[in-house]
Amino acid sequence: MSTEPLPPAADGTPRVSVMESTPAIRPTTNPYIVQLVEALRARPGLEVHLFSFRRAILGRYDVFHVHWPEALLTATSGPRRWRRRVLTLAMLLRLRITRTPLVRTWHNLERPQGLGRVDGFLLDLADRWTTLRIALNPVSTFTDDKPSVVIPHGHYRDWYGRQRAEARVPGRVAYVGLIRRYKGVENLVTAFRALDRPSLTLRVSGRPSTDDLARSLEDLAGDDPRIGFDFSFLDDAAFVRELTSATLVVLPYHHMHNSGVALAALSVDRPALVPDTAFNRLLAEEVGPGWLYFFTGELTTAALEEALAAVEASPPSGRPNLDRRDWPAAGADHEAAFRRALALAGRVRGGTR
């Protein structure tokens, strides 16, 4: 592999070559990743590469930036999964041998369920060899003293502003996004059915993780004509349509540490009912009054009714304050984090080894 340093930026600052853990950008790629890559590529001091195992193992770059390391191991068949395990181990060894810093953005507190022992070993190795962590909020806590920085999750105003917004439907409650067991959508359907207001409607939109989960939601809804489902994958236009038609977006998660959907709702100026967590309390202070409402424990009919009544009686005015979440600032903060990781790894100049 080449060890020649990159040409410096126009101001003479050594440029840093960063490999992001996402492969080629596709229409279904998480908008957070797409906007981050755009923000990084706008930085004159950075050169950004998208992921392939070949380049990760044999190519030249200064920093490896991973978001969901378990995604490196995901495959549709047993042989392909074992191939990815071997390639992931080779990549981690390459990072270790060449002292290439591994920077990880911490999106979730817990790993996905269903991982095998080999996967757990590889993820433990990645955690142990991480040089710097990026937390998306200041309430993230870690069990060791590994260096970390906080870079807030960017907003979606520009991204979803390209789509047509719908007028609010009075009395419309909406859940939008991927449907998983831990997101508590069953509790939302149950709580909504107990509301004795014929004018209310509930829309649940997004792809369920299993067919069984979809069927259980339909069973819970029963013959209530106020409840509608769209279990298809939502493109950006459909996502914005479902969010903006709502009077209140409800995210009935059993636990919430970060939420792109909450930020998406705020980005299109819709209030949301969310779990009462330290992260959400800080977010409420940041965006201003009237945008976030809270429930404690499992979502109940009383909490849903109270939030709806509050929004209907006093709709929030103006727009939520998302100034701290502009993408140019996120790009600059990430560049600073990559340079810090290089210094921690004992590699001061971008491109040198």
Side-chain angles (χ1 to χ4, degrees), residues 18 20-43 46 48-51 65-68 71 105-108 134-137 150-168 174-179 183 203 205-207 230 232-246 248-251 253 256-272 274 279-280 283 286-288 291-292 316 318-335 337:
V18 180
E20 288 289 318
S21 63
T22 187
I25 301 295
R26 298 180 175 87
T28 55
T29 301
N30 187 325
Y32 169 86
I33 297 295
V34 180
Q35 292 183 101
L36 176 61
V37 169
E38 291 175 351
L40 296 180
R41 285 179 168 164
R43 300 293 303 171
L46 294 180
V48 181
H49 304 284
L50 299 183
F51 180 81
H65 181 204
V66 64
H67 294 271
W68 296 275
T105 295
W106 211 265
H107 291 270
N108 306 106
I134 296 175
L136 296 176
N137 64 68
V150 176
I151 304 178
H153 191 306
H155 61 64
Y156 295 100
R157 275 185 175 157
D158 300 328
W159 184 265
Y160 291 130
R162 307 166 189 170
Q163 307 299 328
R164 178 175 174 271
E166 298 289 328
R168 281 187 188 85
Y175 172 89
V176 186
L178 296 174
I179 301 171
K183 294 188 175 183
R203 285 281 295 173
S205 307
R207 181 176 291 170
D230 179 358
S232 61
F233 173 80
L234 302 178
D235 61 18
D236 287 345
F239 190 79
V240 171
R241 181 176 66 247
E242 297 294 344
L243 282 177
T244 55
S245 64
L248 178 69
V249 176
V250 180
L251 303 178
Y253 297 13
M256 181 184 288
H257 180 63
N258 295 296
S259 175
V261 180
L263 284 171
L266 294 169
S267 295
V268 298
D269 307 328
R270 292 299 183 266
V274 296
F279 160 68
N280 284 330
L283 183 59
E286 178 186 339
V287 301
W291 291 106
L292 289 181
R319 306 194 75 185
N321 182 357
L322 298 174
D323 292 348
R324 292 182 58 237
R325 298 175 181 274
D326 285 339
W327 283 101
D333 289 344
H334 276 83
E335 179 178 348

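Not measured: the values here are computed from a predicted model.
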Please determine whether side chain to side chain contact (heavy atoms under 4.5 Å, CB included) holds for the pair Asp230 and Arg203, giving the CA-CA distance in whole Å, both sets of side-chain angles, and the decisive distance to 0.1 Å. CA-CA 8 Å; Asp230 179 358; Arg203 285 281 295 173; 3.7 Å; yes
Just by distance, with hydrogens left out, do Trp68 and Asn108 show a side-chain donor and acceptor under 3.5 Å apart? yes
Report the C-alpha separation of Leu46 and Arg41 in whole Å, then their side-chain angles, then the decisive distance to 0.1 Å, and conclude whether the side chain to side chain contact (heavy atoms under 4.5 Å, CB included) test is met. CA-CA 7 Å; Leu46 294 180; Arg41 285 179 168 164; over 6 Å; no
Arg162 vs Val240, test: side chain to side chain contact (heavy atoms under 4.5 Å, CB included). Steps then yes/no. CA-CA 10 Å; Arg162 307 166 189 170; Val240 171; over 6 Å; no
Restricting to side-chain contact (heavy atoms from CB on, under 4.5 Å), what partner residues turn up for Val34, sequence neighbours left out? Ile25, Thr29, Glu38, Trp159
With Arg319 via salt bridge (charged side-chain N to carboxylate O under 4.0 Å, His left out) - residues at least two apart: Asp269
For the residue pair His49 and Val18, establish whether any side-chain heavy-atom pair is separated by less than 4.5 Å. no
Which pairs pass side-chain hydrogen bond (donor to acceptor under 3.5 Å, both in side chains) with one or both residues in residues 323-333, sequence neighbours excluded? Gln35-Trp327, His155-Asp326, Glu286-Arg324, Glu286-Arg325
So His107 and His257, ring-ring contact (aromatic ring centres under 6.0 Å, His included) or not? Walk me through it. CA-CA 8 Å; His107 291 270; His257 180 63; over 10 Å; no
Counting C-beta onward and ignoring hydrogens, is there a side-chain heavy-atom pair between Pro320 and Leu266 closer than 4.5 Å? yes
Apply the side chain to side chain contact (heavy atoms under 4.5 Å, CB included) test between Leu136 and each candidate in Val150, Ile151, Asn258; give the one that qualifies. Asn258
Do Thr22 and His67 have side-chain N/O donor and acceptor atoms under 3.5 Å apart? no
